[in-house]
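First the proteins, then the strands, lettered A, B, ... as listed; each starts at 1. Just the heavy atoms: all of them, side chains too, but no hydrogens, waters or symmetry mates, feed the values below. A quick note: this is a predicted structure, and the numbers were derived from the prediction, not measured.
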Amino acid sequence: MSEPVPLPREFYARPVLRVARACIGKLLVHRTKHGTSVGRIVETEAYRGPADRAAHSFGGRRTARTEVMFGPPGHAYVFFVYGMHYQFNIVTTREGAPHAVLVRAVEPLLGIDGMAKRRNLPSASRDLTNGPGKLCQAFAIGKQAYGLDLCDSELFLADGPRIRTASSARIGIDYAGDWVQKPWRFYDPKSRYVSRARP
DNA sequence: TGAATGATTTACT
DNA sequence: GTAAATCATTCAA
């Protein structure tokens, strides 16, 4: 594989639904001192605050946690939930528009041994990266990744194969009322690493 | 200051 | 299928 190159800022500076769909098939790359992890993104969700009741930025809530979403596109929004899991998001659109794409699943490509070690699972296991919390643990993405610029070469997206993309309702946001049914989840229907079957 | 809760995962029945 | 794990963040007072 040739050296992956970070996608330009313009990739992220578009409406969040377009970015969420465009992310399917792109490569996620994380370089650390312990090694490099690479995976192909196979599942994402769009969160379009402040109107979207499911988004942390709903109602324009601007706090220490959500601050990065109000900044320029192409940065990492990483948050911690359920007392044990991190989630990796991509800030999109434009400064002042708190829209983000949640990366829910990837297919491991490189650095699989490190992922297996961090997940304490066999390297062939599908459970390595088939969920938003799982891939963060596998890729060693934690609070240190909060706010990172995805146009730098530490944590970034790179071009990948063009994939036929399907959509469905988002997962795990039953508190959001009617917003649950919006088809803002995108995935590669051919991948065995999507976090679950069509709801 | 305190109580509620969550963009999940894992283990167990 | 259900439930426990576990704590930063949020909001009410």
Side-chain angles (χ1 to χ4, degrees), chain A residues 12 16-17 19-21 23-24 28 39 41-71 73 75-93 97-108 115-148 150 155 157 166-187 192-199:
Chain A
Y12 306 103
V16 64
L17 293 175
V19 178
R21 179 180 283 273
C23 282
I24 303 299
L28 174 64
I41 296 173
V42 298
E43 183 181 349
T44 64
E45 284 179 0
Y47 285 85
R48 205 178 67 182
D52 181 1
R53 189 163 193 78
H56 291 159
S57 53
F58 173 67
R61 269 194 337 255
R62 187 167 186 162
T63 65
R65 181 173 70 153
T66 62
E67 180 59 30
V68 71
M69 275 199 283
F70 288 83
H75 291 255
Y77 169 43
V78 177
F79 65 92
F80 185 66
V81 275
Y82 296 118
M84 56 191 89
H85 302 300
Y86 287 97
Q87 315 265 316
F88 169 64
N89 300 250
I90 297 161
V91 177
T92 72
T93 312
H99 300 179
V101 172
L102 169 68
V103 178
R104 290 190 54 92
V106 306
E107 279 187 15
M115 297 183 201
K117 193 167 185 179
R118 284 184 287 273
R119 293 280 295 131
N120 193 27
L121 286 170
S123 58
S125 173
R126 238 164 273 172
D127 287 326
L128 235 41
T129 56
N130 66 342
K134 297 176 186 178
L135 79 87
C136 281
Q137 187 182 10
F139 275 66
I141 293 173
K143 63 186 176 195
Q144 86 289 344
Y146 182 93
L148 287 184
L150 303 179
L155 177 65
L157 268 58
S167 61
S168 80
R170 292 175 291 178
I171 291 172
I173 54 160
D174 294 342
Y175 57 85
D178 292 344
W179 293 87
V180 172
Q181 20 184 327
K182 301 234 176 244
W184 290 359
R185 170 177 178 251
F186 301 94
Y187 61 98
R192 290 146 59 109
Y193 281 84
V194 295
S195 64
R196 37 171 124 161
R198 197 190 218 96

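Here the straight-line distance linking atom CG of L102(A) with atom CD of E43(A) works out to 8.5 Å at 0.5 Å rounding.
Computed from coordinates, the F88(A) CZ to dT8(B) C1' distance equals 18 Å when rounded to whole Å. When the P atom of dA7(B) is taken as reference, atom OH of Y77(A) falls 8 Å away, rounded to whole Å. Between K182(A) atom NZ and dA7(B) atom C1' there is a gap of 17 Å when expressed in whole angstrom units. Taking atom OH of residue Y86(A) and atom C1' of nucleotide dG6(B), one finds them 15 Å apart after rounding to whole Å. Nucleotide dG6(B) holds its P atom 10 Å from the CG atom of D174(A), rounded to whole Å. For the pair M84(A) CE and dT5(B) P, the interatomic distance rounds to 17 Å; values are reported in whole Å. Here dA7(B) presents its P atom at 16 Å from CD of E43(A), a figure rounded to the nearest Å. Rounded to an integer number of Å, the gap from CD of E45(A) to P of dT8(B) is 7 Å.
With both pairing distances under 3.5 Å, dA8(C) is matched to dT5(B) as a Watson-Crick or G-U wobble pair. Across all strands shown, dC12(B) pairs with dG1(C); the Watson-Crick or G-U wobble distances both stay below 3.5 Å.
Contact annotation for L102(A): base contact, defined as any heavy-atom pair under 4.0 Å involving a base atom. Nucleic acid contact for Q87(A): sugar-phosphate only, since backbone atoms but no base atoms lie under 4.0 Å from a heavy atom of the residue. Within the 4.0 angstrom heavy-atom criterion, no nucleotide atom of any strand lies near R53(A). Here Y82(A) lies in heavy-atom contact (under 4.0 Å) with a base.
What you find for Y193(A) and A124(A) is that their closest heavy atoms are OH-O, 4.3 Å. Closest approach of R185(A) to I171(A), counting heavy atoms only: NE-CD1, 3.5 Å. In terms of heavy-atom proximity, I90(A) sits nearest to C23(A) at CD1-SG, 4.1 Å. Residues L128(A) and R119(A) come closest through the heavy atom pair O-NE, 3.2 Å.
Using a 4.0 Å cutoff to heavy atoms of chain A, the contacted part of DNA chain C runs 5' to 3' from dA5(C) to dC11(C).
The stretch residues 125-138 of chain A touches DNA chain B through G131(A), P132(A), G133(A), K134(A), each having a heavy atom under 4.0 angstrom from the strand.
Side-chain contact, Q137(A) with R118(A): no donor N or O sits under 3.5 Å from an acceptor N or O.
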Verdict with supporting geometry, F79(A) and R65(A), side-chain contact (heavy atoms from CB on, under 4.5 Å) = CA-CA 7 Å; F79(A) 65 92; R65(A) 181 173 70 153; 4.2 Å; yes

List the steps and the verdict of side-chain contact (heavy atoms from CB on, under 4.5 Å) for R62(A) and E67(A).
-> CA-CA 6 Å; R62(A) 187 167 186 162; E67(A) 180 59 30; 2.9 Å; yes

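Using cut-offs of 30° and 60° on the angle between ring planes, the pair Y86(A) and F80(A) is tilted.
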